[in-house]
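Model, not experiment: these values are computed from the prediction. A, B, ... follow the sequence lines: proteins, then strands. Residue 1 opens every chain.
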Protein chains: 2
Amino acid sequence: MRVVVPFDGGRPKTRLAPDLDPGERREFAHAMLRDVLSALRAAGAAPELLATAPVDVDVPTTVDDRPLSEAVNAVLEAGPPVAVVMADLPLATPAAIERLLSADGEVVLVPGRGGGTNALVARHPDFRVDYHGVSVRDHREIARDLGVEPRTLDSYRLSTDVDERGDLPEVLLHGGEYSRRWLHDRGFRVESAEGRVRAVRGDGNGP
Amino acid sequence: MRVVVPFDGGRPKTRLAPDLDPGERREFAHAMLRDVLSALRAAGAAPELLATAPVDVDVPTTVDDRPLSEAVNAVLEAGPPVAVVMADLPLATPAAIERLLSADGEVVLVPGRGGGTNALVARHPDFRVDYHGVSVRDHREIARDLGVEPRTLDSYRLSTDVDERGDLPEVLLHGGEYSRRWLHDRGFRVESAEGRVRAVRGDGNGP
């Protein structure tokens with residue numbers, strides 16, 4: 001099965017702007033990508049990158065600067081089976097990836113926090129994506145319009161995409177080596193607060 | 001296996017105060033509890049409530065007004081095996097509960113968002129809880145101090161506890177009947193925003 005990892009090499013992770021400057025956001029996005037690729041390889045997959053611009057990472061890369069949905073649909077049109085795994089899932093483990101790749105179903109979806117679709121497996125030749133808006137709901141409808149009942153994989157590790165400050169504690173507590181160490185080396189640590197813990201930065205650079 | 005659901009019948013879900021008034025927060029907490037109990041029963045469990053005050057729900061109830069950790073430890077002291085499942089997990093399904101109750105291990109942990117412990121199974125007689133602070137980290141250490149390597153169950157449904165406004169879209173998109181309908185009947189719906197979707201309330205009561 002083709003395993004495709006879309007990656008925005010341009011201005012990734014803009015919603016982490018309060019905590020990370022543009023160069024740091026790029027570095028952190030790369031660290032998360034490395035964790036995802038590492039989990040995929042350890043699960044026996046041969047990932048391909050689908051990037052908006054060339055990326056300095058040792059993996060076969062297709063550069064396609066169209067919007068995400070169009071670029072992914074070009075891959076899907078080449079024929080199933082295809083897995084699409086987002087690059088901002090630093091909690092991914094080989095075990096979670098194995099569950100995804102071995103899950104039964106013509107369309108398998110992994111919801112992301114806030115209505116997104118963090119990963120999917122398409123075995124139906126006509127399934128296409130639309131990542132705009134509440135994509136997990138749209139992808140369910142797209143599958144049903146093909147007469148396919150979509151399956152949902154129940155994985156905290158794959159449902160945890162990292163976009164905002166509130167996601168950083170998950171990386172510090174449960175993330176892969178590259179991302180966790182990157183945050184740690186920049187002074188981030190987990191701090192107990194009222195209710196949930198937060199990620200704070202101890203090097204004086206904020207937040 | 002005893003399956004215990006702790007429930008704060010007093011002033012639950014205070015961090016939802018911007019969106020729900022105290023009476024609504026109590027009602028919503030009850031709706032989530034009903035979804036959890038319903039998933040537990042459908043999975044073949046016979047749940048017991050461990051409540052800070054009497055609760056109007058048809059389930060065997062122990063009232064214990066001590067802090068959460070003390071009350072749960074009193075149950076654990078009575079002997080294993082015990083499962084502890086929090087009441088604010090409205091995404092729980094029978095399948096997710098079955099995975100929890102059948103997971104191997106002397107100590108099985110389900111992390112919550114932000115360092116919590118949303119569910120656990122204790123089969124070791126000396127395992128005790130400490131829900132204060134980064135409890136999932138503490139529970140791992142407590143298990144290791146007993147010579148037990150804790151297992152982690154990878155479930156988005158059980159790792160999604162509902163405490164804050166940002167959690168409400170998960171309930172609207174993936175939640176159980178009682179909680180989803182309760183939010184829907186109060187005018188909440190999912191709205192596409194920049195990035196993740198949000199929950200908005202359309203009845204003029206805010207936010």
### Message
As an exercise, state the distance from CG of A:Asp154 to CG of B:Leu153, rounded to the nearest 0.5 Å.
### Response
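A:Asp154 CG to B:Leu153 CG: 8.0 Å, rounded to 0.5 Å.
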### Query
Relative to chain A, which segment of B:Val136 carries a heavy atom at a distance below 4.5 Å: side chain, backbone, both, or neither?
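Side chain only.
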### Query
Side chain, backbone, both or neither: which part of B:Arg15 has an atom under 4.5 Å from a heavy atom of chain A?
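For B:Arg15, the contact with chain A is made by the side chain alone.
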What residues, two or more places apart in sequence or in another chain, satisfy side chain to side chain donor-acceptor pair (under 3.5 Å) together with [X]?
X        : result
A:Arg41  : none
A:Glu27  : A:Trp182, A:Arg186
A:Thr117 : A:Ser135, A:His139

Count the heavy atoms of every other residue, nucleotide or ligand shown that sit under 6.0 Å from [atom1] of [X], and state whether that count exceeds 12.
X        : atom1 : result
B:Tyr178 : OH    : no
B:Arg144 : CZ    : yes
A:Arg66  : CZ    : yes

### Query
When only heavy atoms count and the cut-off is under 4.5 Å, which of residues 167-175 of chain A reach chain B?
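Within residues 167-175 of chain A, near chain B: A:Asp167, A:Glu170, A:Leu173, A:His174.
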### When B:Arg198, B:Glu164, B:Glu191 are compared by non-hydrogen pairs under 4.5 Å with chain A, the top option
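Sorted descending by pairs with chain A, the first entry is B:Glu164.
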### Query
In terms of heavy-atom pairs under 4.5 Å, which option from B:Val190, B:Asp161, B:Leu158, B:Thr14 contacts chain A the most?
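Of B:Val190, B:Asp161, B:Leu158, B:Thr14, B:Asp161 has the most heavy-atom pairs under 4.5 Å with chain A.
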Please name the pair of heavy atoms, one in [X] and one in [Y], separated by the smallest distance, quoted to 0.1 Å.
X        : Y        : value
A:Val197 : B:Gly115 : CG2-N, 4.2 Å
B:Tyr156 : A:Gly112 : OH-O, 4.4 Å
A:Gly133 : B:Ser192 : CA-OG, 3.1 Å

### Task
Answer with side chain, backbone, both or neither: which region of A:Arg99 has an atom nearer than 4.5 Å to a non-hydrogen atom of chain B?
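Just the side chain, heavy atoms under 4.5 Å.
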### Task
Considering only heavy atoms and a distance below 4.5 Å, find which of A:Gly166, A:Ser159, A:Ser155 pairs most often with chain B.
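Heavy-atom pairs under 4.5 Å are most numerous for A:Ser155.
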